[in-house]
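Inspection log for the structure reproduced underneath, given as structure tokens.
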Amino acid sequence: MTEILDGKALSKTIKARIAEKVKQIVAEGGKKPHLAAILVGEDPASQTYVNSKEKDCKEVGFDSTVLRLPASISEKELLDKIKELDENPNVDGLIIQLPLPAHIDENKVIMAVSPEKDVDGFHPVNVGKMILGLPSFVSATPLGIMTMLKEYGIETKGKNCVVLGRSNIVGRPIANLLSQKSNPGDCTVTICHSHTKNIREITLKADIIVVAIGISEFLKGDMVKEGAVIIDVGITRVADASKKSGFRLLGDVEYSTVAPKASYITPVPGGVGPMTRVALLMNTLKSREQRIS
Ligand code: NAP
């Protein structure tokens, strides 16, 4: 029997827990957690992401600030705005929506947020601490996946895990977290990328497969063994005239052939996506709590 890892339902449960915690903080005379986001330019996908983050904050009772800046802003002006929000004691978490216009150095921007407010977990200090297994902000998608594995009680210890993709925001961190001496964790992890030969031979040996490559329906049923746990991170928009939006979302997994073989599988949409969103709220709450103590 295949169990669907329902990120939508689980994120709702976690949001309710967060909202409860916010009420408690306020009842004790504390300030609500406050997430600030900077959006540069008019990229429609980025606008959608930032709007969702604003909506999520509202839902759990966080304060939120969104600074919308023109794509023509200079790097110096942007860094000044980041500094201003970063130094604001009322701000607990600060995120800069990526990608940025080409004339702005993404690395400089990531480094401009202090690690204590870097709830996206992109700052090298947080990445380094995460790799060492020290307390840190873990970026939202890997944190969302780890939370999902934990909440569903999926056994990871001693399992063969294959991660497809090695990006800094998904593939590498999730591979690292799953290999750590922790629960979830303790996996034997293999990372595959665009130069990996014979991917099918590797995925066929996996107990757990995390797919984050951005190629729709890449992982097919004949590439997975019976009973594997499948985590599909991919999101690709494909035109679909039957939908009101004009498109539908596809994951990196061919659901129709993989799901019947899987023990657990995340759907797209409704799997990793909502977990990623709630993970940002988890990090912002954590930042607020660290500021109180
Ligand atoms: P990315 O930065 O584009 O990285 C893609 C990775 O896939 C690279 O490491 C690349 O290898 C590897 N790759 C490409 N083609 C491959 C192939 N044929 N075989 C094996 N590996 C291959 O992507 P990303 O930011 O990690 O995102 C991946 C997908 O997840 C995208 O669809 C994205 O939209 C989605 N995503 C979803 C969420 C969510 O919340 N659900 C969050 C983040 C991302 P090289 O390193 O060799 O180029």
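Predicted model only: the values in this text are computed from it and were never measured. One-based numbering, in listed order, for ligands and for the atoms of each.
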Subset of ligand 1 atoms that lie under 4.0 Å from at least one heavy atom of [X]:
X      : value
Val170 : 26 (O), 43 (C)
Gly234 : 29 (C), 30 (O), 32 (O), 35 (C)
Thr276 : 39 (C), 40 (O)
Ile169 : 25 (O)
Ile199 : 19 (N), 20 (C)
Phe218 : 18 (N), 19 (N)
Gly273 : 40 (O), 41 (N)

Contact bool for atom 41 (N) of ligand 1 (protein heavy atom, d < 4.0 Å): yes
Quick one: does atom 27 (O) of ligand 1 have a protein heavy atom under 4.0 Å from it? no
With no hydrogens and no angle check, just 3.5 Å: does a side-chain donor-acceptor pair link Asn176 and Gln180? yes
Cut-off 3.5 Å, side chains only: do Thr284 and Asp92 have a donor facing an acceptor? no
Check whether any N or O atom of [X], backbone or side chain, sits under 3.5 Å from an N or O atom of ligand 1, and answer yes or no.
X      : result
Ser194 : yes
Val233 : yes
Asp252 : no
Ile235 : yes

Compute the minimum heavy-atom distance from Ile215 to ligand 1 and say whether it is under 4.0 Å. yes
If you measure from each heavy atom of Gly171 to ligand 1, is any distance below 4.0 Å? no
Checking heavy-atom distances from atom 13 (N) of ligand 1 to each of Thr266, Ile213, Leu219, the winner is Ile213
Do Ser64 and His34 pass the side-chain hydrogen bond (donor to acceptor under 3.5 Å, both in side chains) test, and can you show the C-alpha distance, the side-chain angles, and the key distance before you say yes or no? CA-CA 5 Å; Ser64 70; His34 181 178; over 6 Å; no
Out of curiosity, Asp56 CG to Leu280 CG, how far, rounded to the nearest 0.5 Å? 8.0 Å
Counting non-hydrogen protein atoms only, what is the nearest one to atom 4 (O) of ligand 1? Give residue, atom name and distance. Ser167 CB, 3.8 Å
protein heavy-atom neighbour closest to atom 20 (C) of ligand 1 works out as His193 O, 3.2 Å
Under a 4.0 Å heavy-atom limit, does Thr196 contact ligand 1 with its side chain, its backbone, both, or neither? neither
Do the non-hydrogen side-chain atoms of Leu219 and Ile209 ever get within less than 4.5 Å of each other? yes
Heavy-atom pair of closest approach, residues Asn90 and Lys31: O-NZ, 3.3 Å
